[in-house]
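Working notes for the structure below.
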Amino acid sequence: MKRLFYISIVILLLYGPIAFSQNATLQIDLNKEIGPMQPAWAWFGYDEPNYTYMKDGKKLLSEISALSPVPVYVRAHNLLTTGDGTPALKWGSTNAYTEDTQGNPVYDWTIVDKIFDTYVERGMKPMAQIGFMPEALSSKPQPYRHHWSPGQPYNSIYTGWTHPPKDYSKWAELVYQWVKHSVERYGKKEVESWYWELWNEPDSPYWGGTVQEYCKLYDYSVDAVRRALPTAKIGGPHVTGPAGRRGGDFLKKFLKHCVSDTNYVTGKIGTPLDFVAFHAKGAPKVVNGHVQMNMGTQLHDISTGFQIVASFPELKHLPIVIGESDPEGCAACGMKTDPQNAYRNGTMYSSYTAASFARKYALADLHQVNFKGAVSWSFEFEDQPWFYGFRDLATNGVDKPVLNVFRMFGKMSGKRIEVSGNLMYPTLTVRDSSIRKTTPDIGGLAAKDHRKATVLFWNYHDDDVPSAASSVQLTFEHLPAKKVKITQYRIDSQHSNSYEVWKKMGSPTNPTSEQIKELEKAGQLVQLGASKIQTVQNNQLVVTTSLERQGVGLITLEW
């Protein structure tokens, strides 16, 4: 009995109390600062770079840029892939590198420039991915172009673009010429603000070589980037989830190479590394006819990745970018072929995003690492069926509910402040066992800035089943004002939700122009009622509201 008591105390200290009440309370203490409200959410990415400069791609990029108070970083695959620029799912091409009949390099930056121009014109920054292998450089080029579509074997995408170069010097010259061209086109100061990176998930079939061949390619790439721009920032390796043996082992070997192995180009010990990147994904599935998410799997990858970086004293200070950070792994796998992805159109994607980002910050605090960004691998898919269930932020130019979470994040700045609550799952509980108890996770992420405080709060559960709304009482402590202006925003079935409006229309496959206008309006972030002026009593303010299951709210206080 005594042993059971001690075990209970340990569990309480690590994981916090278990609550069963549906009435939630959240305490926001403005005197308890945790750390900076780093805009780690302002990073996005996608496989298909040619969508960038198409109609709906430009529209969405403009909206993403507008919602963020800081420059947004954009990461895209296939920037060096050979082809005529025709877009397709899981594919893209720029034809940046070909060779003439004598085997001499031919550089063509036309399509790459169209992509980067679209970013720079909007004040956005490329996270410039050096990859994939041009056909003329691939050591195993055929077959090269794939024609994958949802429902087909995923392995069919891994063709000639995955392989190491047949000539590392030619590869290095390509990288040098690209960076040099970028400096000439956009200016040294602009390109200094970008992040350059090598490849994607080299521990997976995305890379047809070995760990050491990747390290060799990295050394050649770093040397080329720095020859063109000595002050450029470059990093990697963008492995899959570090909690898995494959991703974790590759990450450790790569970091060891950068710290203490012999450089393949210089012959000296070590290789420059300006940031570390790895990926983290959740694992939804269908259980008893409904979608069940698994946030814990994603957070376990993040926690392990942070831990691995922190284990290298020479690297612990480096910025960490979670290069793909999502509820699961395939953005282009729609819910018709992959029913576990049916969470994507509605508010479950929104509440998952809110609740998981809060835990990313908390895990960075726990491991004391320099968490810079988390790339949401979700953009848009041009000329596809309405609300097909891709992992995207918009469908046919209409914003989906999840984009409004990022609009909420865009209103938060300053310092993160402590939030506690009777139904808010502790971070270690979510990491280790996800959110599976009978009670939902009703929690918050709060920040304060000059004459302003904000709290983002959610009502999330891994199981997507109907449930009554919960009452939420938010208590703000140590407010330094006598009166405050309160503004509320909401994402739920009735607010900031184009999907529900589309369904009420009868789920039209070809909405009319009037319907599209209505959908576009419904896709924007909605303010819940008018702003109010309220008196603060003894530096404390209590706000009581209700929140639907899988709903997200934002309260701003100004004084």
Side-chain angles (χ1 to χ4, degrees), residues 44-54 56-57 75-96 111 115 129-164 199-209 238-241 246-247 279 281-285 323-324 326-345 375-396:
F44 297 90
Y46 45 101
D47 290 76
E48 302 87 358
N50 305 105
Y51 290 158
T52 302
Y53 48 80
M54 297 179 74
D56 291 338
R75 177 176 187 255
H77 293 338
N78 293 299
L79 293 177
L80 296 178
T81 304
T82 301
D84 61 4
T86 301
L89 298 180
K90 303 292 296 182
W91 176 259
S93 58
T94 66
N95 231 39
I111 296 177
I115 295 167
Q129 187 179 117
I130 305 172
F132 296 120
M133 193 58 61
E135 187 173 11
L137 278 181
S138 176
S139 56
K140 190 179 177 182
Q142 300 305 321
Y144 193 78
R145 171 77 161 90
H146 72 72
H147 297 277
W148 178 88
S149 63
Q152 292 183 347
Y154 196 80
N155 281 345
S156 65
I157 73 169
Y158 303 121
T159 54
W161 55 265
T162 66
H163 294 282
W199 222 258
N200 177 68
E201 299 184 349
D203 61 305
S204 80
Y206 268 88
W207 176 242
H238 283 284
V239 294
T240 59
R246 188 183 72 189
H279 296 175
K281 307 283 186 175
K285 59 184 179 180
E324 294 179 24
D326 305 289
E328 35 63 43
C330 177
C333 298
M335 64 186 184
K336 291 185 179 179
T337 54
D338 297 81
Q340 74 276 13
N341 294 338
Y343 74 89
R344 293 167 164 181
N345 286 331
V375 178
S376 294
W377 200 255
S378 49
F379 185 52
E380 65 96 22
F381 296 86
E382 208 85 18
D383 299 322
Q384 297 291 333
W386 286 82
F387 294 101
Y388 187 76
F390 291 121
R391 193 174 69 236
D392 49 12
L393 304 173
T395 175
N396 289 280

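Values below: every heavy atom of this structure, side chains too, minus hydrogens, waters and symmetry copies.
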Would you say T337's side chain and P150's backbone share a donor-acceptor pair under 3.5 angstrom? no

Should K90 and Y154 count as side-chain neighbours, where that means a heavy-atom distance under 4.5 Å? yes

Less than 4.5 Å apart, any side-chain heavy atom of E201 and any of E324? yes

For the CD1 atom of I157 and the CG atom of D47, what is their distance to the nearest 0.5 Å? 7.0 Å

Could you tell me whether a side-chain N or O of N95 sits under 3.5 Å from a main-chain N or O of T82, the two making a donor and an acceptor? no

For a quick test of reading the model, state the closest non-hydrogen atom pair linking R145 to T86 and the distance between them. NH2-O, 4.5 Å

Holding to ring pair (Phe, Tyr, Trp, His ring centres under 6.0 Å), I want the full list of residues that pass it with H77, two or more places apart in sequence or in another chain. F132, Y206, W377

Which pair of non-hydrogen atoms, one from I111 and one from T94, has the smallest distance, and what is that distance? CD1-O, 3.6 Å

Is any side-chain heavy atom of S138 closer than 4.5 Å to a side-chain heavy atom of M133? yes

Using a 3.5 Å distance criterion without hydrogens, assess whether the side chain of S139 forms a donor-acceptor pair with backbone atoms of P164. yes

State whether the side chain of N200 and the backbone N or O of H238 hold a donor-acceptor pair below 3.5 Å, judged by distance alone. no

How many angstroms lie between atom CH2 of W148 and atom SG of C333, to the nearest 0.5 angstrom? 4.0 Å

So, the side chain of N345 versus the backbone of F387: is there a donor-acceptor pair under 3.5 Å, distance only? yes

If you measure from OH on Y343 to CZ on R391, what distance do you get to the nearest 0.5 Å? 5.5 Å

So, does Y51 use its side chain to make a donor-acceptor pair with the main chain of F379 at under 3.5 Å? no

For the atom pair CD (E382) and OG1 (T395), what is the distance rounded to the nearest 0.5 Å? 10.5 Å

Got a second to check how far T159's OG1 is from E135's CD, nearest 0.5 Å? 9.0 Å

For the atom pair NE2 (H146) and CG (L89), what is the distance rounded to the nearest 0.5 Å? 9.0 Å

List the atom of R344, the atom of C330, and the distance in Å for their closest heavy-atom pair. NH2-O, 2.6 Å

Of all the heavy-atom pairs spanning E380 and A394, show the shortest one and how long it is. CB-O, 3.8 Å

Please report the closest heavy-atom contact between M54 and P87, naming both atoms and the distance. SD-CG, 3.9 Å

Scan side-chain atoms only and decide if T52 and Y46 contain a donor-acceptor pair under the 3.5 Å cut-off. yes

Who are the ring pair (Phe, Tyr, Trp, His ring centres under 6.0 Å) partners of F390, not counting sequence neighbours? F381, Y388

Show the nearest heavy-atom pair for residues L80 and A96, with the distance to one decimal. CD2-CB, 3.9 Å

Within the side chain of D326, is there an N or O that forms a donor-acceptor pair under 3.5 Å with the backbone of S378? no

Taking N78 for the side chain and E48 for the main chain, is one N or O donor matched with an acceptor at less than 3.5 Å? no

